[in-house]
Amino acid sequence: ITGIMASTSIKQMEGLQFTGRPFGMVFKDIARRAKWYWSDWTDAWHPKTLSAGVFMFFATFASTVALGELARRKTGGRIGVTEYLLMQCFTGVIHAIIAGQPLLILRPTGPITVFVLQLSSLADKFHMDFYVWLAWVGIFVGIYMTIIVSFDGCRYIHFLTRFLHELYSAFVCTIYIFDGVSGVSDRFHNVVETNPASNFSAALFMFILFLIVVVVAFYLHGTMYRRVLTKTLRKLVTDYALFVAVAIAVGVSYATHTEKFLVVDRIQLPHHFGPTNQNATTAEGGPGPRAWLVPSLSPSPGWLPAAAALAAIPIVFLFYIDQNVSALLPQIPSTKIKKGSYFNFSFLLMGIANVIGPCFGLPFVTASLPHSPQFVTALSNVDSKGTVLSVVENRVSPVFVYAVCGSALLMPSVLEIIPEGVVDGILTFVGLAGLFHDNEFIERVFLLGTAPRDMPQNRAYTQAPVNRMHLYTLIQLLCLACCWVINRSPAGIAFPVFIVLLVPFRLKVLTRIFTEDELEAFDSEHLNIEEGEDVLLLTPGASYGTINH
């Protein structure tokens, strides 16, 4: 079919074939991974296991706490940090132990939070019990996901070409950047409203901590590409770049004794282990903490299950894109994953988790961008030029990430030393690092103002006429802008439908605007980079320009 030549290599990946049997690829995923299962534990004896685990803990914990706190405020305390961390911890640990691809990072994401907030608003509007409503939606989400995987439905991911992979990845990364930067700007906005000098000083101090995290993390992350220290030390500094940046910022927040003069806002975690909602109506009829398990699924009003069946559809659209793109990007051949690629078993596990979790008042969960590709990158052994040599594929590192996230509920005081400005810096760093990681779309955006003679000639997209390349880039930018407009509008709950509509747009509309050769250049899955050629390097910590690769 014209327009999907670029996805041929994806279609041939393991785990994306049609078996003709119910759950055929699920059983094949299990059988293929079984031979590697013991080595998934023994291969963990490597320094990368700990360094990647520490990096991913900071990368996910900060955003999960931020989203949980947002959900608490917007839902009136129905769901919050406790539920977010519990869902990430339990689902993540189980997935890391039994799944085909344990390196996927699972968590309640930003788009999931949007859905939870919308469900809370609908519960208020139509006088429904929020927890019963959430549970019924989760039941139908699980049913739909199970039906999809029973027919080997993940194989259709090959229709999602690089056009959509990079566009969706850029959209998610810009959300993290927006959240981090807006956290800083909101503090200055509050100063304008309240106007005390101490508030301005506090906002300025948070901004300084924000800059420390972003600048130091990026600088240290690029140590591997500099001719300093020994090779071993360069790897060590690169692996722990974010941890060192956070430690420095936290140290500065205490060493300057600023708390004697102004209020330093630090992250707040629950100091008791229990549901966020402590004012629910108990079985005795009085106020108290809600029961963990939803006591009854008796629908009220009677049309609630039918409404839940409809509400689950856009959520499943999102999960299909989010889960499979997050699974695809860390498993493409260029990542040097050697134990195979797996999609269907993880998709089934997410369907099951999204039935069980909401029945306990927990949010939905799915694989996360950009964390999943970043986790594989953090586990990768690379040479001094940044070329991936191998990946330390194991189950210990993801189990460590989820276990430490869950332990925060038992030891909140340990993590409450982190200032909120540091959290904003972590979100921004994660977003920027993901945005500039092997994303040709972003590369072409930077080339919009570049003279043709200065463009890298080894890239496939520069072999097409420059004006056609810029047109393709501008179309992607327009699609990215539409994602943001829809996401920020009252129709934000429907933005997964727009993401899905980009598939026929790529296959039917772009094929009428661009020739087959041009689409092959712009939408190809692999870059044929020859030894000694110049490569446009857009890697955190490295200088923008060309290097010999």
Side-chain angles (χ1 to χ4, degrees), residues 33 37-69 80-109 112 239-240 242-243 246-247 267-276 292 326 330 345-346 349-350 352-354 356-357 360 362-368 371-372 374-379 391-418 423 426 430:
R33 193 68 184 197
Y37 192 78
W38 178 246
S39 69
D40 284 340
W41 299 99
T42 57
D43 290 348
W45 295 103
H46 192 283
K48 287 284 185 180
T49 299
L50 179 61
S51 63
V54 171
F55 164 74
M56 194 46 57
F57 162 70
F58 280 107
T60 59
F61 177 78
S63 53
T64 300
V65 169
L67 292 173
E69 177 61 19
V81 174
T82 300
E83 287 80 4
Y84 270 63
L85 289 176
L86 278 179
M87 190 62 171
Q88 180 176 359
C89 175
F90 287 128
T91 305
V93 168
I94 293 171
H95 183 272
I97 292 174
I98 68 175
Q101 181 48 270
L103 301 185
L104 292 183
I105 294 298
L106 311 178
R107 51 185 293 272
T109 62
I112 285 176
D239 290 342
Y240 288 95
L242 182 59
F243 172 76
V246 171
I267 63 174
Q268 299 294 317
L269 295 175
H271 282 258
H272 65 279
F273 183 76
T276 300
W292 276 114
S326 297
F345 189 28
S346 289
L349 290 176
M350 291 303 94
I352 296 172
N354 286 315
I356 297 175
F360 286 86
L362 306 182
F364 304 111
V365 69
T366 186
S368 176
H371 300 100
S372 297
Q374 286 178 337
F375 193 36
V376 172
T377 300
L379 286 165
V391 179
V392 184
E393 299 177 62
N394 69 91
R395 297 180 185 271
V396 174
S397 194
V399 168
F400 169 82
V401 173
Y402 301 122
V404 176
C405 285
S407 67
L409 294 172
L410 304 177
M411 301 178 293
S413 58
V414 175
L415 294 168
E416 286 184 334
I417 64 174
I418 302 177
V423 174
I426 293 172
V430 170

Is there a side-chain contact between [X] and [Y], using heavy atoms and a 4.5 Å cut-off?
{"X": "Leu242", "Y": "Phe57", "answer": "no"}
{"X": "Phe61", "Y": "Val423", "answer": "no"}
{"X": "Leu106", "Y": "Tyr402", "answer": "yes"}
{"X": "Met56", "Y": "Pro398", "answer": "no"}
{"X": "Asn394", "Y": "Phe400", "answer": "no"}
{"X": "Asn354", "Y": "Met87", "answer": "yes"}
{"X": "Leu362", "Y": "Trp292", "answer": "yes"}
{"X": "Tyr84", "Y": "Val365", "answer": "no"}

To check you understand the geometry: which heavy-atom pair defines the closest contact between [X] and [Y], and what is its length?
{"X": "Gly100", "Y": "Phe345", "answer": "N-CD2, 3.7 Å"}
{"X": "Gln88", "Y": "Pro108", "answer": "CB-CD, 4.1 Å"}
{"X": "Leu104", "Y": "Ser326", "answer": "CD2-O, 3.5 Å"}
{"X": "Ser397", "Y": "Phe375", "answer": "OG-CZ, 3.4 Å"}
{"X": "Thr60", "Y": "Cys405", "answer": "OG1-SG, 3.9 Å"}

What is the distance from atom [atom1] of [X] to atom [atom2] of [Y], rounded to the nearest 0.5 Å?
{"X": "Thr64", "Y": "Arg107", "atom1": "OG1", "atom2": "CZ", "value": "4.0 Å"}
{"X": "His95", "Y": "Met350", "atom1": "NE2", "atom2": "CE", "value": "5.0 Å"}
{"X": "Arg395", "Y": "Gln101", "atom1": "CZ", "atom2": "CD", "value": "8.5 Å"}
{"X": "Ser63", "Y": "Phe58", "atom1": "OG", "atom2": "CZ", "value": "13.0 Å"}
{"X": "Leu103", "Y": "Asp40", "atom1": "CG", "atom2": "CG", "value": "8.0 Å"}
{"X": "Ile94", "Y": "Ile356", "atom1": "CD1", "atom2": "CD1", "value": "7.5 Å"}

Q: Quick one: do Thr82 and Leu409 satisfy side-chain contact (heavy atoms from CB on, under 4.5 Å)? Show the steps, please.
A: CA-CA 7 Å; Thr82 300; Leu409 294 172; 4.1 Å; yes
Q) With sequence neighbours left out, what residues match Ser39 under side chain to side chain donor-acceptor pair (under 3.5 Å)? A)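 With neighbours one apart ignored, the set is Lys339.
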Q) Hey, is OH on Tyr240 packed in by over 12 heavy atoms from elsewhere, all under 6.0 Å? A)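 Correct, the count exceeds 12.
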Q.
I'd like to know if the side chain of Glu69 and the backbone of Ala66 have a donor-acceptor N/O pair within less than 3.5 Å.
A.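 Absent.
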Q) Would you say the side-chain atoms of Ser372 pair up with the backbone N or O of Ile105, donor to acceptor, closer than 3.5 Å? A) yes
Q: Let me know which of Val392, Leu379, Val396 forms a side-chain contact (heavy atoms from CB on, under 4.5 Å) with His46.
A: Val392
